[in-house]
S.K.: 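Dropping a structure here in structure tokens format, bear with me for questions.
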Protein chains: 2
Amino acid sequence: MTSTRYLDIAEKLAVEIAGSAPGTRVSSEPELAARFGVGRAAARSALQELERRLLVRRVRGAGTFVNRRIDYVISHSRPPSWHATVEAAGATPRSQIKSVDRLPLPAGRAAHLDRPAGALMHRVVRTFYIDDLPASWIEEWIPVEVAPDLDLALHSVESIDLVLRQMGRVAPVRAWCRASVDLPPPEVLRGLGIEASVPVWLVDSVSRDARTGQVLMASSAWTRADAVRVVVELSDTVYPEEKTCG
Amino acid sequence: MTSTRYLDIAEKLAVEIAGSAPGTRVSSEPELAARFGVGRAAARSALQELERRLLVRRVRGAGTFVNRRIDYVISHSRPPSWHATVEAAGATPRSQIKSVDRLPLPAGRAAHLDRPAGALMHRVVRTFYIDDLPASWIEEWIPVEVAPDLDLALHSVESIDLVLRQMGRVAPVRAWCRASVDLPPPEVLRGLGIEASVPVWLVDSVSRDARTGQVLMASSAWTRADAVRVVVELSDTVYPEEKTCG
DNA sequence: GAGCATTTGTCCGTATGTATT
DNA sequence: CAATACATACGGACAAATGCT
């Protein structure tokens with residue numbers, strides 16, 4: 001005997017919720033315990049297994065709900081847009097500026113920003129939401145000379161991209177990026193409303209001006225893997241025949 | 001009072017094991033329960049928290065051990081090599097061919113392989129190990145005309161890359177790839193020795209001949225996130241000034 | 001190979017804390 | 001405030017895998 005009844009229950013529930021809309025309520029632990037004739041511990045384990053599979057989201061005091069997971073594709077061929085991506089998935093996007101500071105560039109950032117450590121930078125921290133749930137925490141570093149009054153402008157305009165285009169007269173494009181799954185620092189954990197450890201994406205990016213190639217921004221985005229399925233795509237290489245210019 | 005003693009214990013242990021070598025034994029559940037004056041449940045929760053953080057690996061009947069996690073960088077600038085990557089991290093790599101078949105190309109694969117569905121292909125399934133632990137499960141599809149006797153050659157030579165270079169007279173390079181974190185099918189879960197759900201990378205790749213651009217191979221690699229930290233790097237864009245030819 | 005102690009995995013019942021509704 | 005639901009924790013029990021004798 002395998003004596004893993006909680007996995008059997010999880011399997012049954014996984015099939016049942018496969019056809020349910022995101023946000024649908026899942027039976028509570030006591031309900032499942034009664035239905036399957038097990039203790040609350042086994043029912044709880046089954047729901048936790050579904051949570052590990054990113055199929056449900058559990059909220060203390062509220063219940064267990066079918067999870068929504070959004071695809072976010074990173075590639076050179078498509079410009080990054082949180083709002084467009086979330087809306088395309090049928091959910092409601094929202095972003096909020098947590099802080100805007102002027103700080104000297106930390107040494108760890110200098111390599112990506114083409115500027116010496118200590119140079120004066122704007123540091124913007126934002127949180128991105130899906131259906132009012134914090135899903136992504138982003139820290140962005142922008143040289144002050146690119147847009148000297150960025151901090152003031154962000155009081156009226158929310159989009160950094162827009163401000164840079166208008167005030168900085170530049171066209172930011174994602175030039176480089178590195179994605180992985182990591183353990184976030186405590187500040188980020190709090191910002192994302194995470195208590196125990198769940199997988200979180202870390203995407204480091206550098207934006208350049210499309211015309212001059214000047215570095216405009218370096219950012220680190222921490223994104224909950226249970227809310228967003230990040231997909232990184234390396235574009236197809238050009239064949240040698242097409243690469244040679246002459 | 002926040003009665004989360006297990007998180008306090010986990011934090012203490014995390015600091016303690018931070019300086020330990022991979023493979024070092026961690027105290028057992030009963031030992032921790034006695035040491036911190038808690039029940040076995042709390043001690044167990046603490047170790048499970050460390051497991052979620054990918055800091056330890058737990059084996060039933062054996063114990064809890066400090067985990068080793070290897071960086072695997074995917075980018076256009078570096079050729080993929082499991083053995084080199086694992087050895088660079090100070091661990092022992094190993095690979096094993098699970099099966100070699102001749103099968104018609106499934107419809108889902110046709111798009112990446114530049115061949116019609118139903119075309120005859122080699123299908124090679126391999127498992128990659130780190131220190132004798134299964135870490136990666138790879139399915140590779142190669143058109144038979146690229147290397148007609150691939151299946152026979154693999155009896156004596158382990159490396160597909162080598163066989164293609166010698167028999168197929170081609171130079172395979174990674175042309176395209178897409179990486180994310182997903183739920184593996186049951187066959188893969190068994191192959192990786194996974195019971196409950198843990199995060200697993202899925203990396204789909206296409207290799208082409210460096211000279212002709214011909215598609216040589218399409219593969220899907222499932223890799224345990226607790227064993228390998230996959231890092232996908234999008235190379236920096238070329239500036240417009242450099243891109244224009246002539 | 002058989003037997004044994006150790007260790008983790010599963011499960012029970014019960015109780016209390018805490019957040020949500 | 002009350003009811004609900006999840007989070008934590010206790011003690012106890014047995015199963016299953018491992019490693020050693």
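Letters go in sequence order (proteins before strands), and every chain restarts at 1.
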S.K.: So, does Arg44(B) get its side chain near the phosphate of dT7(C), meaning an N or O under 4.0 Å from OP1 or OP2?
M.R.: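 No, Arg44(B) has no side-chain N/O under 4.0 Å of OP1/OP2 on dT7(C).
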S.K.: Atom CZ of Phe65(A) and atom P of dT4(D): how far apart are they, to the nearest Å?
M.R.: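 My rounded result for the distance is 16 Å.
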S.K.: Given dC12(C), dC6(D), dA9(D), identify the nucleotide with an atom nearest to the side chain of Pro30(A).
M.R.: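 From the listed options, dC6(D) comes nearest.
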S.K.: Figure out the CZ/C1' separation between Phe36(B) and dT8(D), and round it to whole Å.
M.R.: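 Going from CZ in Phe36(B) over to C1' in dT8(D) covers 17 Å.
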S.K.: Looking at the side chain of Ser28(B), which of dT18(D), dA9(D), dT7(C) is the nearest nucleotide?
M.R.: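 Closest nucleotide to the Ser28(B) side chain: dT7(C).
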S.K.: Base, sugar-phosphate alone, or nothing: which one does Arg25(B) contact when heavy atoms must sit under 4.0 Å apart?
M.R.: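 Touches sugar-phosphate only.
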S.K.: Quickly work out the Leu133(A) CG to dT20(C) P distance and round it to whole Å.
M.R.: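 Rounding to the nearest Å, CG of Leu133(A) and P of dT20(C) are 12 Å apart.
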S.K.: Is any side-chain nitrogen or oxygen of Ser45(A) closer than 4.0 Å to OP1 or OP2 of dC11(C)?
M.R.: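 For dC11(C), OP1/OP2 do not have a side-chain N/O of Ser45(A) under 4.0 Å.
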S.K.: Grab the CD-C1' distance between Glu29(B) and dT6(C) for me, whole Å please.
M.R.: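 After rounding, the gap between these two atoms is 12 Å.
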S.K.: Check the distance between dG19(D)'s P and Arg60(B)'s CZ and give it to me in whole angstrom.
M.R.: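 Computing the Arg60(B):CZ to dG19(D):P distance gives 13 Å.
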S.K.: Between dT8(C) atom P and Glu49(B) atom CD, what is the distance in whole Å?
M.R.: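 Checked: the CD to P distance equals 17 Å.
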S.K.: Are the side chains of Arg102(B) and His122(B) in touch, meaning some heavy atoms are under 4.5 Å apart?
M.R.: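 Heavy-atom side-chain distance check passes, below 4.5 Å.
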S.K.: What is the separation between atom CZ on Arg57(B) and atom P on dG9(C), rounded to the nearest whole Å?
M.R.: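 For the pair Arg57(B) CZ and dG9(C) P, the rounded distance is 12 Å.
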S.K.: Quick one: label Gly39(B) by what it contacts on the DNA or RNA (base, sugar-phosphate, nothing), any heavy atom closer than 4.0 Å.
M.R.: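 Sugar-phosphate, no base atom in range.
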S.K.: Give the nucleotide from the list dC12(C), dT20(C), dC10(D) with an atom nearest to the side chain of Val38(B).
M.R.: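 My answer, after comparing the listed nucleotides, is dC10(D).
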S.K.: If you assign Ala43(A) and Ser27(B) each to the DNA chain C nucleotide with the nearest heavy atom, which residue ends up on the more 5' nucleotide?
M.R.: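 Residue closer to the 5' terminus by nearest nucleotide: Ser27(B).
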S.K.: Parallel under 30°, tilted from 30 to 60°, perpendicular over 60°: which one fits the rings of Trp176(A) and His112(A)?
M.R.: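 Judged by the thresholds at 30° and 60°, the geometry between Trp176(A) and His112(A) is tilted.
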S.K.: Atom CZ of Arg40(A) and atom P of dT14(C): how far apart are they, to the nearest Å?
M.R.: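 Those two atoms, CZ and P, are 13 Å apart.
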S.K.: Please determine if a side-chain N or O atom of Arg5(A) lies less than 4.0 Å away from the OP1 or OP2 oxygen of dC12(C).
M.R.: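 For Arg5(A), the contact criterion (side-chain N or O under 4.0 Å from OP1 or OP2 of dC12(C)) is met.
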S.K.: Would you say dG9(C) has OP1 or OP2 under 4.0 Å from some side-chain N or O of Arg58(B)?
M.R.: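 For Arg58(B), the contact criterion (side-chain N or O under 4.0 Å from OP1 or OP2 of dG9(C)) is met.
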S.K.: Using a strict 4.0 Å threshold on nitrogen-to-oxygen distance, state whether Glu11(B) and Arg53(B) make a salt bridge.
M.R.: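 Counted as a salt bridge, because a side-chain N and a carboxylate O are separated by less than 4.0 Å.
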S.K.: So which nucleotide from dC11(C), dT8(D), dC10(D) ends up closest to the side chain of Ala41(B)?
M.R.: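 Closest nucleotide among those given: dC10(D).
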S.K.: Using a distance-only test with no angle check, is there a side-chain donor-acceptor pair under 3.5 angstrom linking Arg174(A) and Ser205(A)?
M.R.: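 A pair is found: one side chain offers a donor N or O, the other an acceptor, under 3.5 Å apart.
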S.K.: Show me, pair by pair, the donor-acceptor contacts under 3.5 angstrom made by side chains of residues 28-40 of chain B, not counting sequence neighbours?
M.R.:
unit_1   : atom_1 : unit_2   : atom_2 : d
Ser28(B) : OG     : Glu31(B) : N      : 3.4
Glu29(B) : OE1    : Arg40(B) : NE     : 2.6
Glu29(B) : OE1    : Arg40(B) : NH2    : 2.9
Glu29(B) : OE2    : Arg44(B) : NH1    : 2.9
Glu29(B) : OE2    : Arg58(B) : NH1    : 3.4
Glu29(B) : OE2    : Arg58(B) : NH2    : 2.6
Glu31(B) : OE1    : Ser28(B) : N      : 3.0
Arg35(B) : NH2    : Glu16(B) : OE2    : 2.6

